[in-house]
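Every chain is numbered from 1 and lettered A, B, ... according to where its sequence line falls, protein lines coming before strand lines. When reading the values below, keep in mind they use all heavy atoms of this one structure, side chains included, and skip hydrogens, waters and symmetry mates.
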Number of protein chains: 2
Amino acid sequence: MDAAARFPDSVAILGPGLLGGSLALALKSDFGAAVDVRLWARRDAALQEATGAADLLTNDLEKATRDAEMVVLATPVGIMASLCSQLAPYLRPGTLVTDVGSVKGSLVRPIREALSRSDVPYLGSHPMAGSEQTGFKAARADLFQRAVCILTPDESNAPADIERLETFWLRLGCKTLRMSAEEHDRKIARISHLPHAVASAVVRAALAADPTAAECTGNGFRDATRIAGGDPGMWAGILLENRDQVLAALHDVSSQITELVEILRRLDEEALRRYLDAARSLRKHVPAAR
Amino acid sequence: MDAAARFPDSVAILGPGLLGGSLALALKSDFGAAVDVRLWARRDAALQEATGAADLLTNDLEKATRDAEMVVLATPVGIMASLCSQLAPYLRPGTLVTDVGSVKGSLVRPIREALSRSDVPYLGSHPMAGSEQTGFKAARADLFQRAVCILTPDESNAPADIERLETFWLRLGCKTLRMSAEEHDRKIARISHLPHAVASAVVRAALAADPTAAECTGNGFRDATRIAGGDPGMWAGILLENRDQVLAALHDVSSQITELVEILRRLDEEALRRYLDAARSLRKHVPAAR
């Protein structure tokens, strides 16, 4: 395996949102004319907004993907498979198809079936670089710098393709991890989907009865609930796609809250301190801010 | 009432932690020689750490508080009343006693009883400027700039004293709010104590079974759980002091999570979108970051 595999000379990005738009900006900013970047969007207004971000902006799937060396699906996860069945005929043999979706297990088979080509490998990516902001207006060329990007290869992926994809993200500034789609979905349910769902529940519990409490907030509340400002449609799709793992994680957080309630009811200061201390210690596993 | 009441010429701060230490730094930085700042700490090591932060650093409660125009309790809430009974004899008539604690309802009566002087008013303050950091090492002269500071006067406080305290925090850069101790505890349970407790529960649910999931985290998890890095002893005290309100808030967040679980179980995308959208809308009541 190459320490640095080939970097693609042409990349088709489908979806000009925060991740897709940032990817286009990063590719042009870091590699200039060395990579031909095509950015596809369904809506004209979205294309307009992304003017200048890529070598080609188009709502024509064939123009966007024909003979591209890599295709990056950056749309909502729910429409990725259907896009793949449309674009499959335009791809040249060996084109690497990847995505930047927040769920993997439920995507692998539908995407491969939609592509329906043994000469076009699919391999999932998940750059952990989203935020509560959405759309091209939030896109930044440096979004991927120092972000973790998880690759989810399986036994059907050739080592050379895994290397190509890893090189791609490494050269965009990411730190890469490899794991199975199942491991990805289990871990991301815990460290992304769970906090998102709970942040929404906290905002509702905190403010529904009396929104004026919001006037009192400090940075703690603002940071703890920032992700609850994310796009409801996108997040509804993600939570449903990873439903089993999200339900398991919500079950665990409910148990944790029940344990806390019992400790408070019996006024057990020592147990409360241990509960909070264990959380603080576990949190030390989280890498420092990038 | 004066638009700007008198600013105290001497302030005794008890406790050199994040809030007490920052208050000393802010007073010296903003008012220099115009205010005599005394900073009391029980432990020599804490005094050492705060060297240079005040005109007087001492572990002698009498030296710290004698004839001070204002006394600010910045210790853990659990020891405030006992400190007040010790320092009461040293205070001159009219000294304003306040605190910076995160709970008010359970403090008012014990502090007033401990002071046991009708000529020394007590009036609560709660600057919303804490963080997961603790100790003088985290103190900053600009900590209070643009922070909300809640005052909790009641019918026993003279309007002139309320004005004095409000002027104090306004001139330190805070935005002030006034409400009863009960309203404070109810609102702060929702926007501070609840998110703190839930962040700890989320960290435990997310990482206890598999701490390696922490490697995958992005900024979302880091921000959403930052407050779970706070001092366990301090927070155990706060949650127990405000136990009834915290239990009510935890009950509500459990109901919210149960509702979410039911929506996910029945695969109701439209209801899920509405659930998340309502949270996002409620969060718009939160003032922008300072």
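- When heavy atoms are compared at a cutoff of 4.5 Å, B/V261 approaches chain A by way of both its backbone and its side chain.
- Ranked by heavy-atom pairs under 4.5 Å with chain A, the first of B/S255, B/A208, B/G218, B/A213 is B/A213.
- Between chain B and the options A/H126, A/H285, A/R226, A/H251, heavy-atom pairs under 4.5 Å are most frequent for A/R226.
- For a residue to count as touching a neighbouring chain, one of its non-hydrogen atoms must lie under 4.5 Å from one of that chain's; by this rule B/E270 does not touch chain A.
- Highest contact tally toward chain B, considering only A/L260, A/I263, A/V246, is held by A/L260 [criterion: heavy-atom pairs under 4.5 Å].
- B/L250 places a side-chain heavy atom less than 4.5 Å from the side chain of A/L264.
- Counting heavy-atom pairs closer than 4.5 Å to chain A, the top-ranked of the candidates B/K284, B/E215, B/R274 is B/E215.
- Heavy-atom distances place no part of A/S281 under 4.5 Å from chain B, backbone and side chain included.
- A donor-acceptor pair under 3.5 Å is formed between the side chain of B/R204 and the backbone N or O of A/Y275.
- Ranked by non-hydrogen atom pairs under 4.5 Å with chain A, the options B/A278, B/C149, B/P195 are led by B/P195.
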Exercise. Check the pair B/R190, A/D210 against side-chain contact (heavy atoms from CB on, under 4.5 Å), reporting the backbone distance first and the verdict last.
Key: CA-CA 10 Å; B/R190 303 271 156 172; A/D210 178 8; over 6 Å; no
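- The contact between A/I150 and chain B is made entirely by side chain atoms (from C-beta outward), counting heavy-atom distances below 4.5 Å.
- Across all non-hydrogen atoms, the minimal contact from B/P287 to A/T217 is CD-OG1, 3.5 Å.
- Residues B/L207 and A/I191 have side chains in contact (heavy-atom distance under 4.5 Å, counting atoms from C-beta outward).
- Side-chain N or O atoms of A/R243 include one that pairs as donor or acceptor with a backbone N or O of B/R265 at under 3.5 Å.
- Between chain A and the options B/D244, B/D268, B/D252, B/V202, the largest number of non-hydrogen pairs under 4.5 Å is found for B/V202.
- In plain terms, the two heavy atoms of A/A279 and B/V203 that are nearest each other are O-CG1, 3.3 Å.
- Under a cut-off of 6.0 angstrom, the local environment of CZ in A/R43 is sparse, with at most 12 non-hydrogen atoms contributed by other residues, nucleotides or ligands.
- Note that CE of A/M128 is 10.0 Å distant from CZ of B/R222, once rounded to the nearest 0.5 Å.
- Looking at B/R283, its side chain never comes within 3.5 Å of a backbone N or O of A/A228 through a donor-acceptor pair.
- Using a 4.5 Å cut-off between heavy atoms, A/L177 contacts chain B through its side chain alone, with no backbone atom that close.
- Contacts between A/E132 and chain B at a heavy-atom distance below 4.5 Å are absent for every atom of the residue.
- Taking all atoms of both residues into account, the shortest heavy-atom contact from B/A205 to A/A249 is CB-O, 4.5 Å.
- Neither the backbone nor the side chain of B/S192 comes within contact range of chain A; no heavy atoms are under 4.5 Å apart.
- Counting only distance, with no hydrogens or angles, the side chain of B/R273 and the backbone of A/G237 share no donor-acceptor pair below 3.5 Å.
- Of the atoms belonging to A/V253, heavy atoms from both backbone and side chain fall under 4.5 Å from chain B.
- Chosen from B/S254, B/A199, B/G233, the residue pairing most often with chain A at heavy-atom distances under 4.5 Å is B/G233.
- With B/R280 contributing its side chain and A/S200 its backbone, the two residues share no donor-acceptor pair below 3.5 Å.
- Taking all atoms of both residues into account, the shortest heavy-atom contact from A/L276 to B/A236 is CD1-N, 3.6 Å.
- With a threshold of 4.5 angstrom between heavy atoms, B/D277 approaches chain A through its backbone and through its side chain.
- Residue A/G220 comes nearest to B/I227 through the heavy atom pair CA-CG2, 3.9 Å, listed as atom of the first residue, atom of the second, then distance.
- Among residues two or more places apart in sequence or in another chain, the side chain to side chain contact (heavy atoms under 4.5 Å, CB included) test is passed with B/E183 by B/M179, B/S180, B/R186, B/K187.
- With a threshold of 4.5 angstrom between heavy atoms, A/A189 does not approach chain B through any atom at all.
- Going from atom CG of B/L239 over to atom CD of A/E269 covers 10.0 Å, rounded to the nearest 0.5 Å.
- Side-chain contact check for B/I188 versus A/C216: some heavy-atom pair is nearer than 4.5 Å.
- Of the two parts of B/T258, neither the backbone nor the side chain holds a non-hydrogen atom closer than 4.5 Å to a non-hydrogen atom of chain A.
- Contacts between A/A197 and chain B at a heavy-atom distance below 4.5 Å involve backbone atoms as well as side-chain atoms.
- If you measure heavy-atom distances from B/A271 to chain A, you find no contacts under 4.5 Å at all.
- Only the side chain of B/L194 comes within contact range of chain A, with heavy atoms under 4.5 Å apart.
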